Chemist: 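Please find one structure pasted underneath; my questions will follow.
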Amino acid sequence: MAQGTLTSRLLVATPLLVEPTFNRTVILLLEHGNDSGALGLVLNRPESAPVMDVVPSVADLATDPGVLFSGGPVSPSTALALGLARPGADPEGWIPVLPPIVTVDLDHDPALLSASLRALRVFAGYAGWAPGQLEAEIAEGAWYVVDALPDDPFLADPETLWRVVLRRQGWPLAAVAVCPRDPTMN
C-alpha cells in the first residue's frame, strides 16, 4: 500500500471481514498517519437511543433517523459528531474533515451550530487502529479504500450505505454490493 494519509477516505468492509463489530461497515477516517495510527467513525450502525436522550442540546439539529449511531468499539461512552456545513458558513464550533463534512463540538452553542450546519449525526465511540494495524488489515483484504461523498454520513437510510458506496465504484466493486452476507452461500 502506498505511503500517505487516508484521512477523509472511506473504509468499506470487504465480504472477508465477518467479525460482527465491523461486518458490512462503512467507516469515515477522521485521522490517519503512518506513525500515529488511525481513527474513524462507523457511519452505518444506527442505535435505538434518540439523540434527545443523549445530547438534548443538539437534538433539533440531528438528521433523520434522529438516533445515536455506534461509531465503533473504542470509548463507547464518548460522543462525537459529524456535520454538513452550509456553503460559506463560518467554522464556529466545527472543524473541516472533508469539506463540507466537519467534526462538531457538541458543547458549542446550538443556535450557532444550527446557523452553520445543514445536517448532524451523533456517534457513540469510534474505531481506532494502532500504527501499522490498519495498513495490515487493508493488505489482508479486510477493507476497500474509496472516496467519500459529502452525503455519505447523512444518508436517510444508513443501513443501505454499504451497498450504496460499493455500487457507485464501478466494476468489480459494484458486483460486491450484491454479495450475500455469507459468501459461502454464493
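If you're wondering where the values come from, they're calculated on a predicted model, not measured in any experiment.
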Chemist: Check the hydrophobic clustering (I, L, V, M, F, W, Y; side-chain heavy atoms under 4.5 Å; chains of links allowed) and say if F123 and W129 are grouped together.
Modeler: no
Chemist: How would you list, by chain and number, every residue that makes a side chain to side chain contact (heavy atoms under 4.5 Å, CB included) with L166, sequence neighbours excluded?
Modeler: V12, Y144, W162, L173, V176, A177
Chemist: Please list, chain by chain and in numerical order, all residues satisfying side-chain hydrogen bond (donor to acceptor under 3.5 Å, both in side chains) with S114, sequence neighbours excluded.
Modeler: none
Chemist: Check for me, please, whether V74 and L82 land in the same ILVMFWY cluster - side-chain distances under 4.5 Å, paths through other members count.
Modeler: yes
Chemist: So which pairs with a foot in residues 45-64 pass ring-ring contact (aromatic ring centres under 6.0 Å, His included), sequence neighbours left out?
Modeler: none
Chemist: At their closest point, which heavy atom of G141 faces which heavy atom of T14, and how far apart are they?
Modeler: O-OG1, 2.5 Å
Chemist: If I compare all heavy atoms of R118 with all of P100, which pair ends up nearest, and what's the gap?
Modeler: NH2-CG, 4.2 Å
Chemist: Hydrophobic side-chain clustering at under 4.5 Å (ILVMFWY, transitive links): who's grouped with V104? Put none if nobody.
Modeler: V51, V54, V55, V58, L61, L68, W94, V102, L106, L113, L117, L120, V122
Chemist: Please list, chain by chain and in numerical order, all residues satisfying side chain to side chain contact (heavy atoms under 4.5 Å, CB included) with P131, sequence neighbours excluded.
Modeler: none
Chemist: Measure across E159 and P46 and return the closest heavy-atom pair with its distance rounded to 0.1 Å.
Modeler: OE2-CG, 3.4 Å
Chemist: Does some side-chain heavy atom of D60 sit less than 4.5 Å from a side-chain heavy atom of P110?
Modeler: no
Chemist: Can you list the residues that meet the side chain to side chain contact (heavy atoms under 4.5 Å, CB included) rule with L112, with sequence neighbours excluded?
Modeler: E92, H108, D109
Chemist: Can you hop from I27 to L155 via hydrophobic side chains spaced under 4.5 Å?
Modeler: no
Chemist: Name all residues meeting the side-chain hydrogen bond (donor to acceptor under 3.5 Å, both in side chains) criterion together with N23; count only those two or more places apart in sequence or in a different chain, and write none if there are none.
Modeler: R181
Chemist: If I compare all heavy atoms of A127 with all of P73, which pair ends up nearest, and what's the gap?
Modeler: CA-CD, 4.3 Å
Chemist: Tell me, which pairs form a ring-ring contact (aromatic ring centres under 6.0 Å, His included) where one or both residues lie in residues 8-27, sequence neighbours left out?
Modeler: F22-W143
Chemist: Does E19 reach the main-chain N or O of T21 with its side chain, forming a donor-acceptor pair under 3.5 Å?
Modeler: yes
Chemist: Does anything in residues 38-47 pair up under side-chain hydrogen bond (donor to acceptor under 3.5 Å, both in side chains), and if so which pairs, sequence neighbours excluded?
Modeler: none
Chemist: Please name the pair of heavy atoms, one in A62 and one in G66, separated by the smallest distance, quoted to 0.1 Å.
Modeler: CB-CA, 4.2 Å
Chemist: Under a 4.5 Å cut-off applied to non-hydrogen side-chain atoms, are L149 and L10 in contact?
Modeler: no
Chemist: So, does E137 use its side chain to make a donor-acceptor pair with the main chain of L134 at under 3.5 Å?
Modeler: no
Chemist: Which heavy atom of G125 sits nearest a heavy atom of L41, and at what distance?
Modeler: O-CD2, 3.5 Å
Chemist: Kindly work out whether a path of hydrophobic side-chain contacts (I/L/V/M/F/W/Y, heavy atoms less than 4.5 Å apart) joins L84 to V67.
Modeler: yes
Chemist: Mind checking side chain to side chain contact (heavy atoms under 4.5 Å, CB included) for T63 and listing every partner two or more places apart, or none if nothing turns up?
Modeler: A119, R121, F154
Chemist: Identify, with sequence neighbours excluded, every residue that meets side-chain hydrogen bond (donor to acceptor under 3.5 Å, both in side chains) alongside R9.
Modeler: D147
Chemist: State which residues pass side-chain hydrogen bond (donor to acceptor under 3.5 Å, both in side chains) with R168; sequence neighbours excluded, sorted by chain then number.
Modeler: D152
Chemist: Using a 3.5 Å distance criterion without hydrogens, assess whether the side chain of H32 forms a donor-acceptor pair with backbone atoms of L6.
Modeler: yes
